[in-house]
Amino acid sequence: MPHNRAPNLPSQGIDAVVKPLPRLKLQGFNNLTKALSFNIYDVCYAVSEEERQRYIAYIDEEYNADRLTQILTDVAEIIGANILNIARQDYDPQGASVTILISEEPVIDKKDAGKELISDAVVAHMDKSHITVHTYPETHPDNGIATFRADIDVATCGVISPLKALNYLIESLESDIVVMDYRVRGFTRDIKGRKHYIDHKINSIQDYLAKNIKSRYEMLDVNVYQENLFHTKMHLKEFDLDNYLFEEKAKNLSFKERMKIEARLRREIEELYQGRNLAE
């Protein structure tokens, strides 16, 4: 593997335990929609145009549609969802997309009791619950910076929660910077007719992060509690130049080169973390 960094492997036993409110007796189905969205960035420095193109090729191979499908299939299993349909695509010249439609319960064909049904009609009916990923590898033509962005959305309806897959997704990709949004939409009604706009306790997305992840990242929250809207962004605390060089070692660079490259990388990371361009 040409990238100096070993890929992060999913940690075991770090699933978030969603803290439910006292069990509600509902009038019909739980209609709450829970959506967890990520922007995950990997930042790299590649000296030459040829190295930058090899970085793009490496990312395209490492995170192709097949690999991403496996990651999202694992997510469906972690959150306890049933897969209804999978659509995936690799793009030319680069990037990939995968969409998986899911449901909380297996869908049963009434004409053939006990047999699960997967059909176009079912997919159309259940498309409000889904898991998607889109990748965006890109390079800067002048300053050597190369980045890989993965946009991931996990949207569920009912009692299953996307928060259970939070740690797995962060560990499954090379995550230098992670920007997350979690929102609970709509309402569900209990048997007395009272509307409930959330069915679990949450103060912050950080509540559901594993300790080993929280220890590695600097984090910032922006939460709007009255809207059930939670935002957390984070970046790695430690900066080791070797972890950001593609096909190169820091020891082979002059002190001046190391300082120049490190300044560019730190600026890129800070701009992505803050979501704005920094003044020159």
Answer yes or no: is there a side-chain heavy-atom contact under 4.5 Å between [X] and [Y]?
X	Y	value
Asn243	Leu236	no
Tyr45	Leu241	no
Ile213	Met234	yes
Tyr273	Glu218	yes
Glu257	Val47	no
Ile100	Val75	no
Ile261	Leu253	yes
Asp176	His235	no

Between [atom1] on residue [X] and [atom2] on residue [Y], distance to nearest 0.5 Å:
X	Y	atom1	atom2	answer
Ile202	Ser161	CD1	OG	8.0 Å
Ile102	Thr156	CD1	OG1	6.5 Å
Arg88	Thr99	CZ	OG1	12.0 Å
Met180	Ile152	CE	CD1	11.5 Å
Gln94	Tyr63	CD	OH	16.0 Å
Leu84	Ser103	CG	OG	4.0 Å

Members besides Met259 in its Ile/Leu/Val/Met/Phe/Trp/Tyr cluster (side-chain heavy atoms under 4.5 Å): Phe255

Lys34 charged N/C atom sitting above Tyr182 aromatic ring, 6.0 Å / 45°: no

No-hydrogen, no-angle side-chain donor-acceptor test under 3.5 Å, Asp66 and Gln70: no

No-hydrogen, no-angle side-chain donor-acceptor test under 3.5 Å, Asn39 and Tyr136: no

Checking [X] side chain against [Y] main chain: does a donor-acceptor pair fall under 3.5 Å?
X	Y	result
Arg183	Ala35	no
Asp242	Ala250	yes
Thr135	Ala96	yes
Asp151	His134	no

Partners passing side chain to side chain contact (heavy atoms under 4.5 Å, CB included) against Val222 (at least two apart in sequence or in another chain): His231

Side chain to side chain contact (heavy atoms under 4.5 Å, CB included) involving Asn223 - partner list, sequence neighbours excluded: Ser204, Asp221, Tyr225, Phe230

Side chain to side chain contact (heavy atoms under 4.5 Å, CB included) evaluation trace for Tyr55 with Asp42: CA-CA 11 Å; Tyr55 170 80; Asp42 174 63; 2.9 Å; yes

Geometric class of the Tyr58/Phe246 ring pair [parallel <30°, tilted 30-60°, perpendicular >60°]: tilted

Which residues share a side chain to side chain donor-acceptor pair (under 3.5 Å) with Glu227, sequence neighbours left out: none

With sequence neighbours excluded, residues passing side chain to side chain donor-acceptor pair (under 3.5 Å) with Ser215: none

ring-ring contact (aromatic ring centres under 6.0 Å, His included) partners of Phe239, counting only residues at least two apart: Tyr244

Contact summary for [X] and [Y], nearest pair of heavy atoms:
X	Y	value
Ile83	Ile86	CG2-CG1, 3.9 Å
Ala165	Ile79	CB-CG2, 3.9 Å
Pro137	Ile56	CB-CD1, 3.6 Å
Leu36	Pro162	CD2-O, 3.6 Å
Lys214	Lys237	O-NZ, 4.0 Å

Can you confirm whether [X] is buried at [atom1], in the sense that more than 12 heavy atoms of other residues, nucleotides or ligands lie under 6.0 Å from that atom?
X	atom1	result
Glu271	CD	yes
Arg266	CZ	yes
Lys251	NZ	no
Glu238	CD	no

Shared hydrophobic cluster, Ile160 / Val184 (ILVMFWY, side-chain heavy atoms < 4.5 Å): no

Residue pair Tyr168, Ile71: steps toward the side chain to side chain contact (heavy atoms under 4.5 Å, CB included) verdict: CA-CA 9 Å; Tyr168 174 79; Ile71 290 173; 3.9 Å; yes

Note: Glu270-Arg267 ion pair, threshold 4.0 Å (strictly below): no

Stepwise side chain to side chain contact (heavy atoms under 4.5 Å, CB included) check, Val133 with Phe38: CA-CA 9 Å; Val133 60; Phe38 293 83; over 6 Å; no

Pair Leu32-His196, side chain to side chain contact (heavy atoms under 4.5 Å, CB included): steps then yes or no: CA-CA 9 Å; Leu32 290 172; His196 297 267; 5.7 Å; no

